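To start, the structure under review is shown below, and the notes come after it.
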Amino acid sequence: MSNIACGTSGEEYETCRDESSALILKLVAISAILISGVCGVSIPLVGKKHRFLRTDSNLFVVAKAFAAGVILATGFVHILPDATSALTDSCLPKFPWSKFPFSGFIAMMAALATLLADFVGTQYYERKHEKKGQSAVVNEDESSDSLSETGIVPVGTKGNSGNEEEGGGMHIVGMHAHAAYHTHSHDQEQGVREGFYPGRDSPHGHSHGIDTGDDESGVRHVVVSQVLELGIVSHSVIIGLSLGVSHSPCTIRPLIGALSFHQFFEGFALGGCISQAKFGTLQSTIMACFFALTTPMGIALGIGIASVYNANSPRALIIEGILDSISAGILVYMALVDLIAADFLSKRMSSNVRLQIVSYVALFFGAALMSLLAVWA
C-alpha cells in the first residue's frame, strides 16, 4: 500500500501551524511525561520501605483502584475510539475497512490472547517454582538427616520450608502447590483485620495470594506486571509518535497535561504490580525505566521523522489503528481482570466495608476523570 498523503491539513491545523513553537512544546512534553512516568512507577517501588506506601497498606489499595479506573478509561474512551477512527478513515479503501468493525474485533482478539498469555505464563512460573520448591525440600531433608546423625536437631526447619527464596531475583508462590502444601488452618480474615500481613507480622512467611488478594508476591503478579507493561508500551509508542510529528501547538498543548496525568497513574499501577511480584532490584529497575522512557522516545522519534512522516497516509492509519486496537484489548482485560477483580473480589476487601466504599469511589473517580480528559486530548 502506498504511503501517499491523504487529508493532510485542515484549515484549523494550518492556522495553528508553528513549527518552532511546536518544537519547544515537544521538548516540554518529553520532560513532563518523563518526570510523571518516573514518579508514578517509582512510588510503589520506593514506598515499599515505608509503612503507609507499602503494597499491603489500605492507601495503596485505594490508589491502585484509582489507577485501575484511569487505565480502564484509557482503553475504552481514548484508545479504542482512536483505533476506530483510524481504521474507518475516508483515506482508506471502503473495502474491507468500512465493511467490518476491525477495531472492536482486534481488541476482542487481543483481550482473549491476553487471557491465554496470562494462563500460560501463570502455569509456566507455577511449575518452575514447584520444581525449585521440591529440590529445596530434598536438600533440606538431606541436611536435616546429616545433622541428626551428629546429634544436632535443627529447630523450625519444617515450618519454614517453601518460604521466601532470599537469594533469588523473584519470590514466586505457586498457587495450587501453595494451597496443597499448607494444609494447616490459618485464621486469614482475622489476621487481615488486625493488620497482620504475610511475611511481616504473621509467623508464617508465605503469602495467600488467592484467598486474600493482599500483598500477593506470587506468580500472578509476575505475569500481570509483564503483560500490563506490554499493553502500556504498545500504545505509548503510538501516542509519542503522534505528538512528535505534529506541528500544531494547539494540538500539543492540551496533550502535555493529559499525557502526564495518564502516564503517572499508569506508572503507579505498573509499579505496584512490579513491587508485588518481588522482582529483584535490577529487573524492577529495567522494567520501570522501559516504561518511563517509551513515550518520550516515541516523541523524540516523531520529531526526527516529522518532515517525512504523514500521519494521515493509509499505511500509517492502518498501523496506528491495529496497534491501538491491540492496546485497548490488553488494557481493558488487565484493568477488569487483574487489577479491579483481583482486588475487589478479595477477602480483604469483603471484610472491610470502609475500604470497599473508598476503593469504589476512587475507581469511579479515576475512570470519570480520565474520561473527562478526552474533551481536550
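Everything numeric in this text was worked out from a predicted model, so none of it was measured.
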- Message: Measuring only between side-chain heavy atoms, which start at C-beta, is S36 closer than 4.5 Å to F261?
- Response: no

- Query: Are any side-chain N or O atoms of S325 and backbone N or O atoms of G321, one a donor and one an acceptor, separated by less than 3.5 Å?
  - Reply: yes

- Is it true that a side-chain atom of S234 and a backbone atom of G231 form a donor plus acceptor pair closer than 3.5 Å? yes

- Message: Does any part of the side chain of Y360, heavy atoms only, come nearer than 4.5 Å to the side chain of M349, both counted from C-beta?
- Response: no

- Task: Answer yes if V233 and L243 sit in the same cluster of Ile, Leu, Val, Met, Phe, Trp and Tyr residues linked by side chain heavy atoms under 4.5 Å apart, and no otherwise.
- Result: no

- Rounded to the nearest 0.5 Å, the CG atom of L92 sits from the CZ atom of F102 at a distance of 10.5 Å

- Side chain S350, main chain K347, donor-acceptor under 3.5 Å: yes

- Message: Please identify which of these residues, F365, F364, F264, meets the ring pair (Phe, Tyr, Trp, His ring centres under 6.0 Å) condition with F66.
- Response: F365

- Task: Could you tell me whether the side chain of L301 reaches within less than 4.5 Å of the side chain of M297, counting heavy atoms only?
- Result: no

- Message: Less than 4.5 Å apart, side chain to side chain, heavy atoms only: is that true for I71 and M334?
- Response: no

- Message: Listing request: all salt bridge (Lys or Arg N to Asp or Glu O under 4.0 Å) pairs with a residue in residues 366-375, at least two apart in sequence or in separate chains.
- Response: none

- Task: Identify the heavy atoms of K64 and Q276 that sit nearest to each other, and give their distance.
- Result: NZ-OE1, 3.2 Å

